[in-house]
S.K.: 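Pasting a structure here, questions to come.
Scope of the values below: all heavy atoms of this structure, side chains included, with no hydrogens, waters or symmetry mates. We count ligands from 1, going down the list as the structure has it; atoms in each ligand are counted the same way.
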Amino acid sequence: MAKKSSNPNLDPKKFRDSLSSVANDGSRNWVYAKQVNGYFYKYRTYLSWVLLALLFSGPFLRLDGRPYFLFNIFERKFILFGAIFWPQDSHLLIILLLLFFVFVILFTVVFGRIWCGWACPQTLFMEMVFRKIEYLIEGDAHQQRLLNAGSWTGEKIVKKGSKFFVFALFSLVIGHLLMAYLIGLEQVITIVTHPPSENLAGFVGLVVFSSIFLFVFSWFREQACIVVCPYGRLQGVLLDNNSIHVMYDYVRGEPRGPIRHQIPSTGTQGDCVDCNLCVQVCPTGIDIRNGVQMECVNCTSCIDACEEVMVKINRPTGLIHYASENSIKHGIQKLITNRVKGYSLVLVVLLSIFSALLVTRPDYEGTITRFPGLTYQARPDGTISNLYSITLINKTFSPQPIQISVEAEKMKIEIVGNSNWILPPQSKFEGRFFLVKDQATVRIPQEKVLINLSAQGSVFESVQTNFMAPVVTKKTE
Ligand code: SF4
Ligand code: SF4
């Protein structure tokens, strides 16, 4: 018979009724995850070093002086692998996002939550940075439990204080890193090196993001995966019986029971010795033996813990391993299911659309609008002028002179400021110009005109706009 867990949420019959980290009275059930060592933990640690190095070096990577990645949602400017996506490219970004979602769905249907356990920044920082610092300062789960239960001695104040200080320091670093991805490294350096009053919005952003990270990693922790993360909450609809995830082999493990109660070679007892180690190491506080659960982030800690037990009691390893429900129950592992084929097809279609749009993306773009609040200006020399704003974008990697001309009778263009429009590579330019016409030639109050924008000798954009002017009728004697 299964040993009764001290945590009611781990009761095999009731575990789906409540969250393991929330007590029955609604209070927090603090999860003290026991430190784990083992094959998977070792490789997760190595991978985390690589991923953290990539994450932290991202804002420093430069291509022709611009960042490799930028996700400036405030100015709707995005840079992916050095290529700038302007607000005019929103359709490309939407398809890219759809591509990403379909890829994530497809990957999850086949491989479950491997992303969560191995590469998600939340897990990386929580398990590979903050949890390690906590072990270093406060000790393993048992010592942490004792420390929290004990009164505020000098030792507790020092340990808690130093943990808070280091956590705050790392949260500040992560907050600045996120801001560097959002607004660019140069902007972050400017905010940091100038008084807060000079960049108040940026300064507030840094403080808010750093505080959120401190809150998440010091207190909120596994709740971010269980309660907040939409990807985690979607697992119920994404996974099926063929999806691979961390699973307890109940066929081999049950009926479980302490090793001292087992009679060798009778075959009546499963391989699980009910040592509870897989539960003790779980960062979300669940019992993997209850089956696939939304709270499981596939961190593999329970695999490592159980492998150690199996080796010690001289039984085959792999009682908890990467598997699918079907492979455990029926011994069949099917990766290419109809669902997988369907999602793959959608992915290929989206990828083709995206590639076609990317290849046919115009090199230059221009928008022209009438200057807001103005109709026309009557000049002393007898001409009428209208003021316009122009935005030009050069998406190529070379500087480009842009010419402007107007298709309308007896009308000319007067550029405000420097009329030599040479756009640097991958840049945006904003300027103004007048359309000017002799009052004597004005026949209608609102004339439609076509303005041509050219580069390299050919017109890349023709913009239609209005020219407004008063119609003066000649008095008859
Ligand atoms: S660690 Fe392995 S043997 Fe121990 S309770 Fe978990 S599944 Fe059973
Ligand atoms: S059940 Fe195992 S894999 Fe899932 S979160 Fe807990 S320790 Fe990690």
Side-chain angles (χ1 to χ4, degrees), residues 1-7 9-12 15-16 19-21 29 31-41 43-45 48 108 111-120 122-124 126-128 131 141 221-227 229 231-232 235 239 243-262 269-324 328:
M1 226 182 85
K3 186 169 81 178
K4 268 213 153 168
S5 168
S6 55
N7 181 348
N9 295 315
L10 297 176
D11 185 325
F15 77 97
R16 287 202 199 277
L19 289 175
S20 55
S21 53
N29 237 346
V31 177
Y32 293 95
K34 191 173 157 51
Q35 202 164 6
V36 71
N37 276 308
Y39 177 83
F40 284 104
Y41 190 73
Y43 284 103
R44 275 177 63 214
T45 305
S48 73
T108 310
F111 298 110
R113 295 178 77 173
I114 283 189
W115 159 261
C116 299
W118 291 78
C120 172
Q122 163 72 18
T123 315
L124 280 185
M126 186 64 245
E127 302 306 321
M128 295 295 156
R131 186 101 55 195
R221 300 188 161 204
E222 74 286 345
Q223 304 297 307
C225 308
I226 297 172
V227 184
C229 178
Y231 179 58
Q235 296 305 310
L239 300 177
S243 306
I244 293 172
H245 38 87
V246 174
M247 279 200 73
Y248 165 66
D249 187 344
Y250 53 86
V251 173
R252 199 189 120 188
E254 299 297 318
R256 65 187 87 159
I259 196 159
R260 63 181 179 278
H261 294 168
Q262 297 188 8
Q269 205 77 49
D271 274 345
C272 173
V273 292
D274 212 9
C275 64
N276 237 27
L277 263 179
C278 51
V279 179
Q280 289 170 27
V281 295
C282 179
T284 61
I286 58 167
D287 188 340
I288 188 72
R289 294 171 299 169
N290 288 331
V292 178
Q293 292 152 75
M294 188 194 71
E295 296 95 319
C296 176
V297 292
N298 275 231
C299 72
T300 68
S301 291
C302 54
I303 301 184
D304 282 331
C306 192
E307 299 291 72
E308 211 179 314
V309 177
M310 291 298 117
V311 169
K312 268 190 197 146
I313 62 172
N314 212 15
R315 289 190 184 164
T317 55
L319 183 55
I320 302 175
H321 64 292
Y322 279 115
S324 69
I328 286 183

S.K.: Quick check: closest heavy atoms across Trp118 and Phe40, and the distance to 0.1 Å?
M.R.: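 Scanning both residues, the minimum pair turns out to be CZ2-CD2, 3.6 Å.
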S.K.: Got a donor-acceptor contact below 3.5 angstrom from the Gln280 side chain to the Ala33 backbone?
M.R.: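 No, because the side chain of Gln280 does not come within donor-acceptor range (under 3.5 Å) of the backbone of Ala33.
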S.K.: Is it true that Thr300 lies under 4.0 Å from ligand 2, counting heavy atoms only?
M.R.: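 Yes, Thr300 has a heavy atom closer than 4.0 Å to ligand 2.
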S.K.: Can you see which heavy atom on Pro283 is nearest to which on Arg131, and at what distance?
M.R.: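 Smallest heavy-atom distance, with atoms named: CB-NH2, 3.4 Å.
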S.K.: Which residue and non-hydrogen atom of the protein lie closest to atom 8 (Fe) of ligand 2, and at what distance in Å?
M.R.: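 Result for atom 8 (Fe) of ligand 2: Cys299 SG, 2.3 Å.
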S.K.: Check each atom of ligand 2 against the heavy atoms of Val297 and keep those under 4.0 Å away; list them by number with element.
M.R.: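 The list of qualifying atoms is 4 (Fe), 5 (S).
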S.K.: Heavy-atom pairs closer than 4.0 Å: do any link ligand 1 to the side chain of Val279, the backbone, both, or neither?
M.R.: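 No part of Val279 comes within reach of ligand 1.
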S.K.: Quick check on atom 6 (Fe) of ligand 2: does Cys278 put an N/O/S atom closer than 2.8 Å to it?
M.R.: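 Checking Cys278: none of its N, O or S atoms is under 2.8 Å.
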S.K.: Please give me the minimum heavy-atom distance between Cys229 and Cys225, naming the atom from each residue.
M.R.: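 Minimum heavy-atom contact is CB-O, 3.8 Å.
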S.K.: Quick check on contacts: which atoms of ligand 2 are under 4.0 angstrom from a heavy atom of Asn298?
M.R.: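 Selected atoms, number and element: 3 (S), 4 (Fe).
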S.K.: List the atom of Ile303, the atom of Ile320, and the distance in Å for their closest heavy-atom pair.
M.R.: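 Closest approach of Ile303 to Ile320: CG2-O, 3.4 Å.
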S.K.: Checking a contact table here: which protein heavy atom is nearest atom 2 (Fe) of ligand 1, and how many Å away?
M.R.: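 Nearest neighbour among protein heavy atoms for atom 2 (Fe) of ligand 1, to 0.1 Å: Cys306 SG, 2.4 Å.
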S.K.: Ignoring hydrogens and geometry, is there a side-chain-to-backbone donor-acceptor pair from Arg289 to Tyr248 under 3.5 Å?
M.R.: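 Here the side-chain-to-backbone pair does not exist.
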S.K.: Heavy atoms only: give me the nearest Gln235-Thr108 pair and the separation to one decimal.
M.R.: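 Looking at all heavy atoms of both residues, the shortest contact is OE1-CG2, 3.4 Å.
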S.K.: Kindly identify the option in Asn276, Ile320, Ile303 whose heavy atom sits closest to atom 5 (S) of ligand 1.
M.R.: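 That would be Asn276.
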S.K.: When you measure from atom 6 (Fe) of ligand 2 to every protein heavy atom, which one gives the shortest distance, and what is it?
M.R.: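 Going atom by atom, the protein heavy atom closest to atom 6 (Fe) of ligand 2 ends up being Cys282 SG, 2.3 Å.
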S.K.: What protein heavy atom sits nearest atom 4 (Fe) of ligand 1, and how far off is it?
M.R.: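 Nearest protein contact, heavy atoms only, for atom 4 (Fe) of ligand 1 is Cys275 SG, 2.3 Å.
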S.K.: Is there a donor-acceptor contact under 3.5 Å from the side chain of Ser48 to the main chain of Leu124?
M.R.: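 No: the side chain of Ser48 does not pair with the backbone of Leu124.
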S.K.: Can you confirm whether Asp304 sits close enough to Val281 that some side-chain heavy atom of one is under 4.5 Å from a side-chain heavy atom of the other?
M.R.: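 Not touching, per the 4.5 Å side-chain cut-off.
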S.K.: Within the distance-only criterion (no hydrogens, no angle test), does the side chain of Asn298 pair as donor or acceptor with the backbone N or O of Gly117 below 3.5 angstrom?
M.R.: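 Answer holds: no.
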S.K.: If you count the atoms of ligand 1 from 1 in the order shown, which ones are under 4.0 Å from a heavy atom of Arg289?
M.R.: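 Counting from 1, the qualifying ligand atoms are 5 (S), 7 (S).
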S.K.: Suppose we only count N/O/S atoms under 2.8 Å; would Cys272 qualify as near atom 8 (Fe) of ligand 1?
M.R.: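 Yes, since at least one N, O or S atom of Cys272 sits under 2.8 Å from atom 8 (Fe) of ligand 1.
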S.K.: Examine the proximity of ligand 1 to Met310 and report which part, side chain or backbone, both or neither, has a heavy atom under 4.0 Å away.
M.R.: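 Within the 4.0 Å criterion, Met310 contacts ligand 1 through side-chain atoms alone.
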S.K.: Pull out every atom of ligand 2 sitting under 4.0 Å from any heavy atom of Cys302, numbered as shown with elements.
M.R.: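 In order of numbering, the contacting atoms are 1 (S), 2 (Fe), 3 (S), 7 (S).
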S.K.: Pull out every atom of ligand 2 sitting under 4.0 Å from any heavy atom of Ile288, numbered as shown with elements.
M.R.: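 Once the distances to Ile288 are compared, the set is 1 (S).
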S.K.: Looking only at protein heavy atoms, which one is nearest to atom 3 (S) of ligand 1, and how far off is it?
M.R.: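 I find the closest protein heavy atom is Val273 N, 3.5 Å.
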